[in-house]
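A quick write-up on the structure given underneath.
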2 protein chains.
Amino acid sequence: MDSVTLHREQDKDADKQAKPGRLVDQVLVELQTDIIRGELAPGSKINEQDIAQRFGISRGPAREALQALERQRLVVRAPHIGARVAHLTIEELNELYQLRSVLEAMACELAAKNITPEQLAKLKSLIKTQQAALASDDPYFQQQGDVDFHYQIIQASGNRHLQETLVGGLYHLLRMYRFQTSNRNRPVEAIAEHKAIVEAIAGGDGELAALLMRRHIERGRISTENKLKAMQQAEGLSSLNQ
Amino acid sequence: MDSVTLHREQDKDADKQAKPGRLVDQVLVELQTDIIRGELAPGSKINEQDIAQRFGISRGPAREALQALERQRLVVRAPHIGARVAHLTIEELNELYQLRSVLEAMACELAAKNITPEQLAKLKSLIKTQQAALASDDPYFQQQGDVDFHYQIIQASGNRHLQETLVGGLYHLLRMYRFQTSNRNRPVEAIAEHKAIVEAIAGGDGELAALLMRRHIERGRISTENKLKAMQQAEGLSSLNQ
DNA sequence: CCCACCAATATTGTCAACAATAAAAATCCA
DNA sequence: TGGATTTTTATTGTTGACAATATTGGTGGG
């Protein structure tokens with residue numbers, strides 16, 4: 001009990017911003033980041049008690065965070081057994097991208113109809129930011145820009161169920177694949193493709209935007225698949241040596 | 001999730017009987033049914049303590065059940081405020097069916113490639129069952145058959161993310177709309193359309209199956225939309241009289 | 001009468017302890 | 001020794017109590 005109070009007092013001062021919200025929300029983002037970056041390794045067990053101790057909270061909110069992570073496909077839970085970080089497999093990558101391609105193509109078609117001038121301006125400025133960020137050569141920063149690009153189009157679709165399905169259900173797992181494969185995502189080409197997609201949306205040509213998005217995503221899938229294959233091959237070899 | 005849990009009939013007399021598994025699983029199916037059938041009215045507040053008392057359990061599992069219902073879009077939750085049964089609106093109906101159409105069309109294309117002989121046989125027998133059930137004139141029984149039909153095609157797609165998105169995320173809300181609009185779903189025509197879809201899948205023509213599915217779903221949407229409009233109009237009139 | 005403010009109530013959020021179950025370790029027997 | 005069985009331990013599932021917050025109802029001033 002004292003540790004909780006102490007932890008909160010610390011939060012107010014420096015460590016993290018004062019968060020008036022629920023503990024589960026504060027814990028969730030940190031666990032998300034840890035899983036996506038692989039600091040919690042794929043397949044590794046996540047203990048409710050450990051999470052609780054790490055954050056100085058009780059098992060209640062920790063358990064709820066794990067349930068939220070399950071919803072986001074980042075962990076797999078089984079009754080009486082517990083939670084494990086999701087495995088990254090080539091089969092699942094392909095299934096995930098197959099679904100993502102269909103959904104984001106849909107988002108493009110809707111965005112071409114429904115996008116607001118503000119959203120369009122934001123998309124265009126995002127492209128400019130990405131072009132400038134190319135010089136930074138920071139893969140995480142670049143990936144963030146890519147994620148934002150797709151996120152903005154999803155928002156512009158105006159379909160709340162589509163938004164919730166993609167952002168709430170698939171996108172975190174997607175980020176996990178891309179981060180852990182160290183996927184630079186062909187930065188130069190990707191930005192050019194982004195630009196073409198935005199232009200199609202701006203011109204109201206949803207069919208073209210959807211086509212370009214499908215191709216864009218397929219190229220990303222191939223790139224990620226190759227990286228993952230190489231990683232898993234290396235992993236297999238190293239495990240033979242033990 | 002499998003077809004049994006999707007539409008299991010609750011045993012009304014099993015309050016104190018043998019309870020396998022976790023409390024949240026037992027509570028969840030009953031709450032699902034109550035919400036889908038409107039016994040918990042759309043927009044009504046759901047109190048954690050009330051749920052706990054009703055099922056003779058503590059607030060912990062009751063709370064987890066509400067979180068699961070939120071994932072299924074059947075309730076909307078807000079921090080420190082609580083859970084309410086989802087509202088049925090025409091706008092959301094359209095967004096939901098728009099997404100569903102895209103996803104089930106995708107399921108058809110995949111099913112045409114990946115369906116197993118056993119799954120195909122099950123689909124065909126389902127059609128025969130539905131034709132026989134037409135005589136029964138029981139709308140709930142007929143709807144179950146329709147749900148099963150779509151469920152089987154989703155399973156036959158072989159894409160686990162697609163399955164989870166549709167069955168775990170959208171399908172319960174879909175059932176809610178269809179049940180509460182008392183939608184008979186044009187039984188005679190619907191079964192004919194089902195048959196055509198199965199034949200296209202059996203023939204390996206995913207493109208045709210997807211096209212037929214989109215049309216089938218669009219017809220269902222129109223039917224449901226009309227019913228919902230009539231209901232909301234009646235509701236508006238009656239509320240004027242109070 | 002209405003609006004702002006404050007007190008009382010109800011509900012959600014959090015916690016620590018206990019129970020039930022699965023995993024791990026130890027034991028026994030062939 | 002090896003495999004099955006029992007015991008032990010660790011982890012999840014569940015509970016009731018307490019804390020924090022939102023809602024409701026009341027009160028006073030304009």
Side-chain angles (χ1 to χ4, degrees), chain A residues 1-12 15-31 34-35 40-41 43-71 74-87, chain B residues 5 14-31 35 40-41 43-71 74-86:
Chain A
M1 181 176 294
D2 288 347
S3 65
V4 174
T5 311
L6 186 59
H7 190 250
R8 287 196 190 162
E9 294 302 321
Q10 285 175 342
D11 284 354
K12 283 182 182 177
D15 209 338
K16 301 148 198 168
Q17 303 161 343
K19 290 213 174 185
R22 302 173 300 178
L23 295 181
V24 57
D25 296 319
Q26 307 171 33
V27 170
L28 185 55
V29 288
E30 283 206 41
L31 289 179
D34 289 349
I35 292 174
L40 287 170
S44 62
K45 183 122 196 295
I46 303 185
N47 192 302
E48 292 179 1
Q49 182 68 29
D50 291 347
I51 299 298
Q53 279 186 313
R54 168 178 164 188
F55 291 95
I57 61 178
S58 74
R59 269 184 56 218
R63 183 181 172 87
E64 290 192 18
L66 291 182
Q67 290 168 346
L69 291 171
E70 179 184 34
R71 180 173 84 95
L74 292 181
V75 309
V76 178
R77 265 163 39 97
H80 285 286
I81 292 177
R84 307 193 86 92
V85 179
H87 279 101
Chain B
T5 59
D15 266 7
K16 280 280 185 175
Q17 266 185 330
K19 306 172 170 182
R22 302 174 299 178
L23 296 180
V24 57
D25 297 319
Q26 307 168 31
V27 170
L28 185 55
V29 287
E30 283 206 40
L31 289 180
I35 292 175
L40 287 170
S44 62
K45 184 130 197 296
I46 304 186
N47 192 302
E48 293 180 359
Q49 183 67 29
D50 291 348
I51 299 298
Q53 278 186 311
R54 167 179 164 187
F55 291 95
I57 61 179
S58 73
R59 267 183 58 217
R63 183 181 173 87
E64 291 191 19
L66 292 181
Q67 290 167 346
L69 290 172
E70 179 184 35
R71 181 173 85 93
L74 291 181
V75 310
V76 178
R77 265 164 38 99
H80 285 287
I81 293 177
R84 306 194 88 91
V85 179

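Basis for what follows: all heavy atoms, side chains included, without hydrogens, waters or symmetry-related copies. Remember, predicted model here, so these are calculated numbers, not experimental data. The sequence lines fix the lettering, A, B, ..., with proteins before strands; numbering per chain opens at 1.
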(request) Give the rounded distance in Å between these two atoms: CG of B/L23 and C1' of C/dA19. (result) 12 Å
(message) Measure NZ/A/K45 against P/C/dA23 and give the value in whole Å, please.
(response) 9 Å
(request) Give a yes or no on whether a salt bridge exists between B/E64 and B/R22, defined as a side-chain N under 4.0 angstrom from a carboxylate O. (result) no
(message) Looking at every heavy atom in both A/A41 and A/S44, which two are closest together, and how far apart are they?
(response) O-OG, 2.5 Å
(request) Measure the distance from CZ on B/R59 to P on D/dA17 and round it to the nearest whole Å. (result) 12 Å
(message) Can you identify which nucleotide, out of D/dT21, D/dG13, C/dT11, has its nearest atom closest to the B/R22 side chain?
(response) D/dG13
(request) Starting from the 5' end of DNA chain D, give me the residue, B/P61 or A/A83, whose nearest nucleotide shows up first. (result) A/A83
(message) Using whole Å, what does the distance between atom P of nucleotide C/dC15 and atom CD of A/E64 come to?
(response) 11 Å
(message) What contact category does B/L66 fall into here, base, sugar-phosphate, or nothing, at under 4.0 angstrom with non-hydrogen atoms?
(response) nothing
(message) Rounding to an integer number of Å, can you tell me how far A/E48 CD sits from C/dC15 C1'?
(response) 14 Å
(request) Kindly point out which of D/dT12, C/dG13, C/dA16 is positioned nearest to the side chain of B/R77? (result) C/dG13
(message) Pick the closest DNA chain C nucleotide for A/I81 and for A/G60 by heavy atoms, then say which residue is nearer the 5' end.
(response) A/G60
(message) Just the rounded figure in Å: distance from C1' of D/dT23 to CZ of B/R84.
(response) 12 Å
(message) Expressed as a whole number of angstroms, how long is the span from B/Q49:CD to C/dT9:C1'?
(response) 15 Å
(request) Identify the two heavy atoms, one from A/A65 and one from A/L28, that lie closest to each other, and give their separation to 0.1 Å. (result) O-CD1, 3.8 Å
(message) Using whole Å, what does the distance between atom C1' of nucleotide C/dA10 and atom NE2 of B/H80 come to?
(response) 14 Å
(request) Report yes if the side chains of A/L31 and A/F55 come closer than 4.5 Å at any heavy-atom pair, otherwise no. (result) yes
(request) Please check if the side chain of A/R84 supplies one atom and the backbone of A/G43 the other of a donor-acceptor pair under 3.5 Å. (result) yes
(request) State which of C/dT12, D/dT11, D/dT15 makes the closest approach to the side chain of B/N47. (result) C/dT12
